[in-house]
Amino acid sequence: QVQLVESGGGLVQPGGSLRLSCAASGLIFVNYRMGWYRQAPGKQRELVAYISGAGYKNNANSVKGRFTISRENAKNSVYLQMNNLKPADTAVYYCNAEKLWDTGDAWWGQGTQVTVSS
């Protein structure tokens with residue numbers, strides 16, 4: 001069975017940092033584009049950043065210069081380093097795996113809460 005398990009969320013003060021991790025299993029990890037999405041209360045889920053199996057990546061404009069996505073294919077893991085956190089970053093963060101060719105499979109983790117507050 002396919003599983004995506006997020007960890008690393010928590011409470012942090014504005015200007016602080018957190019690193020989120022996502023461990024994947026049950027799929028050929030290198031064949032999937034990995035992404036981080038977030039959803040704040042009362043708002044739609046939005047893409048934060050993504051990274052391809054070959055390491056090509058992109059960030060949403062709202063987090064450019066502050067967040068960095070990375071992956072370790074040998075560990076079937078993807079990470080999101082979040083620096084200079086703002087209250088607007090408060091949301092549930094979800095790990096996503098998408099196969100953009102062939103079958104078009106897509107999978108989601110259960111989410112991890114990030115709260116930025118004084």
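Bear in mind the structure is a predicted one, so any value in this text is a computation, not a measurement.
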Nearest-0.5 Å distance that lies between atom [atom1] in [X] and atom [atom2] in [Y]:
X   : Y   : atom1 : atom2 : result
M34 : S70 : CE    : OG    : 11.5 Å
Y32 : N76 : OH    : CG    : 11.5 Å
E72 : F29 : CD    : CZ    : 9.5 Å
N58 : I69 : CG    : CD1   : 10.0 Å

Within a strict 4.5 Å, meaning less than it, do heavy atoms of the [X] and [Y] side chains meet?
X   : Y   : result
W36 : F67 : no
R19 : S21 : yes
M82 : R66 : no

Any chain of hydrophobic side-chain contacts (each under 4.5 Å) joining [X] to [Y]?
X   : Y    : answer
Y94 : Y79  : no
L20 : W108 : no
L80 : V114 : yes
V78 : L27  : yes
V92 : W107 : no

Mark yes or no: R33 above the aromatic ring of Y50, with NZ or CZ under 6.0 Å from the six-membered ring centre and no more than 45 degrees from the axis.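 Satisfied, under 6.0 Å and within 45°.
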Heavy-atom pair of closest approach, residues [X] and [Y]:
X   : Y    : answer
S62 : R38  : OG-NH2, 3.5 Å
G8  : L18  : O-CD2, 3.9 Å
N83 : S17  : OD1-OG, 2.9 Å
A23 : S77  : CA-OG, 4.1 Å
D89 : V116 : CB-CG2, 4.3 Å
A97 : L4   : N-CD1, 3.8 Å

Taking atom NZ of K64 as the centre, does the number of heavy atoms from other residues, nucleotides or ligands within less than 6.0 Å exceed 12?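 Buried by this count: over 12 neighbours within 6.0 Å.
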I'd like to know whether T90 forms a side chain to side chain contact (heavy atoms under 4.5 Å, CB included) with Q113, so could you lay out the CA-CA distance, the side-chain angles of the two residues, the decisive distance to 0.1 Å, and finally the verdict. CA-CA 8 Å; T90 296; Q113 177 71 47; 4.0 Å; yes
Checking [X] side chain against [Y] main chain: does a donor-acceptor pair fall under 3.5 Å?
X   : Y    : answer
E6  : G111 : yes
N73 : G53  : yes
R71 : S52  : yes

